[in-house]
Amino acid sequence: MPGALSSLKIIEIGEMISAPYASKLMADLGADVIKIERPGIGDRARTRGPFPGGSAHPEKSGLFLYLNANKRGVTLDLNKSAAMELLEKVAADADLLIHNISPPDMDRIGFNFERFRKINPRLVMTSITPYGVTGPHRDWRAEDLTLWCAGGICAINGGGMDHPEMPPLKTFGDQSGFQGGVHGAVAALGAVMAAMRDGEGQHVDVSIQEALAAQLELFFEFWPYAGLIANRLGRKPIQPVESLQCKDGWIYVCCVEEHQWRGFVEVMGNPDWANEEVFSDRFKRAENWVALKIFLEEWLSQQTVIDLYRKVQAKRVPFAPVSTMGDLLNSEHLKARGFFVEINHPVAGNQKYPGAPCKYGGTPWAIRMPAPVLGQHNQQIFGDRLGLSASRLTELKKAGVI
Amino acid sequence: MSKRPLEGIKVADFTWVWAGPYCTLQLAHLGADVIRIETRTRPCITRVIPPWPDGKPGGLNRSGYFNQYNQGKRSITLNFKQPAAHEVARKLIAKSDVVVNNFAHGVMDKMGFGYEAVRKIRPDIVMISLSGYGDTGPYRDFIAYGPAQVPLSGLSSLTGYKGWPPMHSGFSYADPNAGAHGAFAIIAALIHRQKTGEGQYIDMSQWESMMALLPEGILQYTFNGEEPERLGNTDPTMAPHGVFRCLDRPEKIAGHTIDQFVAIACADDAEWARVAKAIGRPELATDPKFATLKSRKQNENELEQIISAWTATQRAADVAEMLQKSHIAASVVADNKFLSEEDAHLPERDYWVYKTHPEVGVKQHAGVPWRMSRTETSVREAAPLIGQHTEEVLTELLGYSAEEVASIRSQGALE
């Protein structure tokens, strides 16, 4: 059975995470993805690791290997006009061209939708950029940290009431890139459906800042609705909803509803302090959190995470472990669901990676091939498919085009 | 402009709270007709918690939380304690292309709308469940709350200041993340349906869709058996890389001083030379303590103190502008007030939505994070009042007569 997107031909010109994650989501559902990298250097994700054994190697970067399995890889230096011509040839029968070239670089190398539309009117071109391709900040530089801040997320995370001296805090990893990727993939596939209907493609301009500002839960609307600034310093209105330490690790104590608190109190064996007036409802427990925390920490210090997790869950109380990476790999639940997958790469070897974000009942999610080594499919795509002769390929290679 | 990409696609939206509504919001943004199935007997929690207009609580239609994540959708009310409500839902499913829910595993089955039942009504349906743990595995009946999914996923143990305890992400990140991944999965399944005529069921675990975002942490463990250290705002391959306190906002908010911060990320030595020049300390570019990435990482505390001493005399927005002129990644650490009133870029892109809502009037809401050159991209309507479209959907879409609707209503099935 072919994957849900096995009819799609996609070209990705991506660095790091956003566009590569978008095309990974599609490649894992069977789409034919050709990834274009810079000759000699390749995608910057090749330098990020983690690396097996800790020593950097462009074919062993975990981030790159994870994001680019199921893709074929070619090299093109898009600063050179001969490379742009080859790209146009590859794009002539594609459904989607997805990239994260920055707007000033797009201008500089003449990378624009009009150019590709002329060769392939059905083509959807999706640009995933930090601030979008229009507006006063279109040319602004960005890294994950600065984007996570520009989108409003860092402001609501950090030391909190107890530690106003600590700064706003970024979330681990390159989450801006992933959110740009998944939102870009949603928009791109939507435009592909429109192209299937209308026989005509279009340009899709995805702004990562906008995708982040759309995810601020109830925090953004506090200003337009109530004139309140939402930030990391506010005290939580209800408690306990905190990560706290057990004997062997951390657990997220989560009592949002009163029945959940009562369930937890039963698991704790109904200690006298839990029935004090100052802890009698979730708002009072927040007002008196400093005292409550001391009682909870003392009791929790005698508990193991997994036992407590099972005991409170049996009473429908939504605690969760603060999972370490080892916890994830050893989780009986994730094992039973077969979440982690092995990918065997000719240079990096056989390793375990995160698997499918969801399970499709009718069509497969599958790893069909490992990430390409740099320029692995130049011969296959430029030679076999576009019909370039061996001597022409050598010439292009010498000229630094491929 | 041409028709929206998903124009004509009908979504029976059984979702509530955030993950599911965020998923169907993406479909509404793409033009699908999303019909939220609600009940007054147990309203969506986002209808009954803040933020409230002018801080005055009350009503089922006034919360900024609901009104943000349900823009462009329709709402009908059905009370499933009444058999007539089930009949209406069956008719709606028969007319739908997609069914979405984010209940715990098994709830839709108990309601009589599990996949097998739904497929009998509409054989080519695309159905997705966005549950906390997924539909299989020993924890499938565990209860999941948005904030707890972040630590469960592994993200909290990776996030935090150096040497500090695990920290949260500050918002229930697993919800919108599952919602966006779910919207992608639905469209992929619709493309497959268009080619083959086949629908399918999608089992999305919020936990698993979060782990898809953590390869850098997970692979340190699978490659090398290491649990990653928490790195605060720093980065192994960039320095300076952090957020720095600036001049306070001139005003105080409710008695509190709200500090302003600026984020700066400096990718290489050439960029560092430009930062040093911008802060009026060009000699630091060649200072052996800071000249190379390696030396800047070794002396990162001192480096951060130097930057902080400078930013303390500047306004954050000025620092960001100035560094961006030198092609350095920098941004204000935007809070909701800054985004709403001071960010100069988003209004120029027409990002914000100002639709008239019958009970709260015109409020600023976050809009669609993409633009399309050929097909219409905009939010169609403000979020619906609870049950606003019950009559309209039952008569126009499902073909009930006004008398039939009155009869169903009199049974209490439309509460």
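Reminder, nothing fancy here: chain letters follow the sequence lines and each chain counts from 1.
The side-chain heavy atoms of A/Q351 and B/L219, taken from C-beta on, include no pair separated by under 4.5 Å.
The part of B/Y201 that comes within reach of chain A is its backbone (N, CA, C, O), which places non-hydrogen atoms under 4.5 angstrom from that chain. Contacts of B/H241 with chain A are made by both backbone and side-chain atoms, with heavy-atom separations under 4.5 Å. In this structure, no portion of A/D144 lies under 4.5 Å from any heavy atom of chain B. Using a 4.5 Å cut-off between heavy atoms, B/I328 contacts chain A through its backbone alone, with no side-chain atom that close. Using a 4.5 Å cut-off between heavy atoms, B/P165 contacts chain A through both its backbone and its side chain. For B/W52, the part sitting under 4.5 Å from any heavy atom of chain A is the backbone (N, CA, C, O) and nothing else. Proximity to chain A is limited to the backbone of B/S153, based on heavy atoms less than 4.5 angstrom apart. Interface residue B/Q220: backbone and side-chain heavy atoms are both found under 4.5 Å from chain A. Looking at B/Q149, neither its backbone nor its side chain comes within 4.5 Å of chain A, counting heavy atoms on both sides. Proximity to chain A involves both the backbone and the side chain of B/D335, based on heavy atoms less than 4.5 angstrom apart. For chain A, the nearby part of B/M167 is the side chain; its heavy atoms alone come within less than 4.5 Å.
For the 3.5 Å distance criterion, the side chains of B/N177 and A/Q179 qualify, holding a donor opposite an acceptor. Side-chain atoms of B/Y145 and A/Q260 form a donor-acceptor pair, as typed in the model, at a separation below 3.5 Å.
Put simply, the side chain of B/N233 gets close to the backbone of A/K170: a donor and an acceptor are under 3.5 Å apart. Between the side chain of A/N157 and the backbone N or O of B/F171 there is no donor-acceptor pair closer than 3.5 Å. When atom types are taken as modelled, the side chain of B/T159 and the backbone of A/F172 share a donor-acceptor pair closer than 3.5 angstrom.
Between A/T363 and the options B/H192, B/Q200, B/E198, a side chain to side chain donor-acceptor pair (under 3.5 Å) holds for only B/Q200.
For the pair B/D203 and A/R337, the salt-bridge criterion is met [side-chain N within less than 4.0 Å of a carboxylate O]. Ion pair B/E271/A/R141 flagged as a salt bridge, since at least one NZ, NE, NH1 or NH2 atom sits closer than 4.0 Å to an Asp/Glu carboxylate oxygen. Between B/D259 and A/R232 there is no salt bridge, since no side-chain N of the basic residue sits under 4.0 Å from a carboxylate O of the acidic one. A salt bridge is defined here as a Lys NZ or Arg NE, NH1 or NH2 lying under 4.0 Å from an Asp or Glu carboxylate O, and B/E348 with A/R138 fails to meet this definition.
Pairing each heavy atom of B/I187 with each of A/V186, the nearest pair is CD1-O, 3.7 Å.
Using bins of under 30°, 30° to 60° and over 60° for the plane-to-plane angle, the ring pair B/Y139/A/H333 lands in the parallel bin.
Remark: A/F220 pairs with B/W352 by the ring pair (Phe, Tyr, Trp, His ring centres under 6.0 Å) rule, at least two apart or across chains. With sequence neighbours excluded, the residues forming a ring pair (Phe, Tyr, Trp, His ring centres under 6.0 Å) with A/Y131 are A/H137, A/W140, B/H345, listed by chain and number.
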